[in-house]
Amino acid sequence: MKTKFALMTALLAFSYAFSQEINPRLKLYSKKVDSIVFSEKTKMNKELDDLDKEYRDNKVTADEKQEKRAQIAARYEGIINGKVAEQKNQLEDATREIVKEAVMGDPGKQYLEVFSQNNAIITLNTDEKATKKELLKTVDFNIGYGLINLTKSSSSLDIGNNESGMKLGKSSSSEMDIRITRQIGSLTSPVFYRIGLGYRQDTFTPEKPNILVQDLNEIYMADFNDLTTGTLKKFYLKNHYFIVPADIVWVLNPKYTIENNEKMLDNSKRNLRLTAGVYGGVRFLTQNYVIFKNEDNNRVKYRENITEAAERFIFGGKLALGYGPINIYIKKDFTPNFNDLAKINNKYGFQIGLELLYINF
């Protein structure tokens, strides 16, 4: 009896854990299906509208119109069924992987140690405290988050302007970098250089109910309510970049120590820093996201790639003031985020932000 009870308890625990994993995937599958139907139905309706125009212009007869409508509907039905079947296969593969992980168990997690050495919030896998000299050479991982807006020119710093059409506080920029920091000059020098490689994501959100619409490779601002029925919940356009930042860092309140008869900057103490730098990057993806409730009150998420209207390369400058692991920064893009195919007023990014996480390896 005890064995049966233990077995039932284990099965119930496994079922609960499995449901916690699979339910979000089912919701994601449902959202993807809704998005597929919405996207293909939009394309089909455009073709049907073009066909109606041909009929009104007497380019096709009534019989030809009915025949072509049936062909268009059948073609899009096949496209939708094929894409839905593909999503179903992906869901089944993911479900098998969840079962495998639940049976085999999770691998061990990496250990993190937290202490305020070298102005870092977290140090990864530190068994022994590094020497003072070693702390002058670091490799770190950094995450930054800022509020972004678009200005008219490369020199404008008017982050609060309303001409861009973007909603300040909702438009943001985040960045993740792996960086190498080295001292310039002698061991007592308060000046460092820093270079890294990272990923940047800019998210632009217009004031509701406006959205950005792509038409023949151009993008322009439009009222959501003029385009379709339903209730707009969220809209955002995202630019994704690979980025290379390069900084010069000045320690404004240097403290010194002696180790092995050598005098050196003590980088184990929290210090006040001024940072000036530049960055350059290449855009690899731009996408529009529209989230709304349709006339049947179903939540729909539609995503579209923006192919030509965003600039391929980006270059800009940065100033930051930091203490300990915290840096407050401003960044200004000297090149536009968007080109002439973007029919918007402002195109140069400007952001104010905070470096949120600073991990030494």
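Numbers for residues simply follow the sequence, beginning at 1. Note that the structure is a prediction, hence the values are computed from the model and not measured.
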For the ring pair F38 and F292, is the centre-to-centre distance below 6.0 Å?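 Yes, close enough.
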What I want to check is whether the side chains of [X] and [Y] have a donor and an acceptor closer together than 3.5 Å.
X: T151; Y: N346; answer: no
X: D333; Y: T335; answer: no
X: K269; Y: T257; answer: no

Flag the pair [X] / [Y] as yes when at least one side-chain heavy-atom distance between them is below 4.5 Å, and no otherwise.
X: K255; Y: N271; answer: no
X: I184; Y: I248; answer: yes
X: I352; Y: L147; answer: no
X: I330; Y: L157; answer: no
X: K331; Y: E175; answer: yes
X: T188; Y: Y256; answer: yes
X: F204; Y: F338; answer: yes
X: M166; Y: L212; answer: yes

For atom [atom1] of [X], decide whether the heavy atoms of other residues, nucleotides or ligands shown that lie under 6.0 angstrom number more than 12.
X: F334; atom1: CZ; result: yes
X: K41; atom1: NZ; result: no
X: R75; atom1: CZ; result: yes
X: D340; atom1: CG; result: no
X: K65; atom1: NZ; result: yes
X: K59; atom1: NZ; result: no
X: I328; atom1: CD1; result: no

Salt-bridge contact E355-K318 (side-chain N to carboxylate O under 4.0 Å):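 Salt bridge: yes.
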Test your reading of the model: is there a side-chain donor-acceptor pair from [X] to the backbone of [Y], 3.5 Å cut-off?
X: E259; Y: K132; value: yes
X: N294; Y: D296; value: yes
X: N210; Y: M221; value: no
X: N305; Y: L285; value: no
X: R69; Y: E64; value: no
X: D247; Y: R194; value: no

Using a 6.0 Å distance limit plus a 45 degree cone around the ring axis, check whether K343 lies over the aromatic ring of Y220.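 No - K343 does not lie over the ring of Y220 by the 6.0 Å and 45° rule.
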Do K234 and Y236 form a cation-pi contact, if we require the NZ or CZ to be under 6.0 Å from the six-membered ring centre and within 45 degrees of the ring's axis?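 So K234 doesn't make the cation-pi contact.
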Nearest atoms (heavy-atom pairs only) where [X] meets [Y]:
X: I80; Y: E40; value: CG1-CB, 3.6 Å
X: A73; Y: M44; value: CA-SD, 4.1 Å
X: N239; Y: R283; value: OD1-CD, 4.0 Å
X: F141; Y: I178; value: CD1-CD1, 3.6 Å
X: P209; Y: D223; value: CG-OD1, 3.4 Å
X: K238; Y: H240; value: CB-NE2, 3.7 Å

When you look at E311 and K347, which way does the salt bridge (charged side-chain N to carboxylate O under 4.0 Å, His left out) test go after all the steps? CA-CA 10 Å; E311 286 286 2; K347 299 178 182 180; over 6 Å; no
Working to the nearest 0.5 angstrom, can you tell me the gap between E304 CD and Q214 CD?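 If we round to the nearest 0.5 Å, E304:CD and Q214:CD are 4.5 Å apart.
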Determine whether K263 and L187 satisfy the following criterion, side chain to side chain contact (heavy atoms under 4.5 Å, CB included), listing intermediate values before the conclusion. CA-CA 7 Å; K263 184 178 180 180; L187 292 175; over 6 Å; no
Give the intermediate values and the outcome of side chain to side chain contact (heavy atoms under 4.5 Å, CB included) for residues S156 and Y348. CA-CA 8 Å; S156 174; Y348 293 83; over 6 Å; no
Just do the salt bridge (charged side-chain N to carboxylate O under 4.0 Å, His left out) check on K46 and D50 with the steps written out, would you? CA-CA 6 Å; K46 186 177 184 307; D50 292 341; 3.6 Å; yes
Would you check, one step at a time, whether the test side chain to side chain contact (heavy atoms under 4.5 Å, CB included) holds for L51 with E54? CA-CA 5 Å; L51 181 59; E54 289 181 5; 4.0 Å; yes
With side chain to side chain contact (heavy atoms under 4.5 Å, CB included) as the test, would you mind laying out the steps for N288 and I211 before giving the verdict? CA-CA 9 Å; N288 259 349; I211 64 174; over 6 Å; no
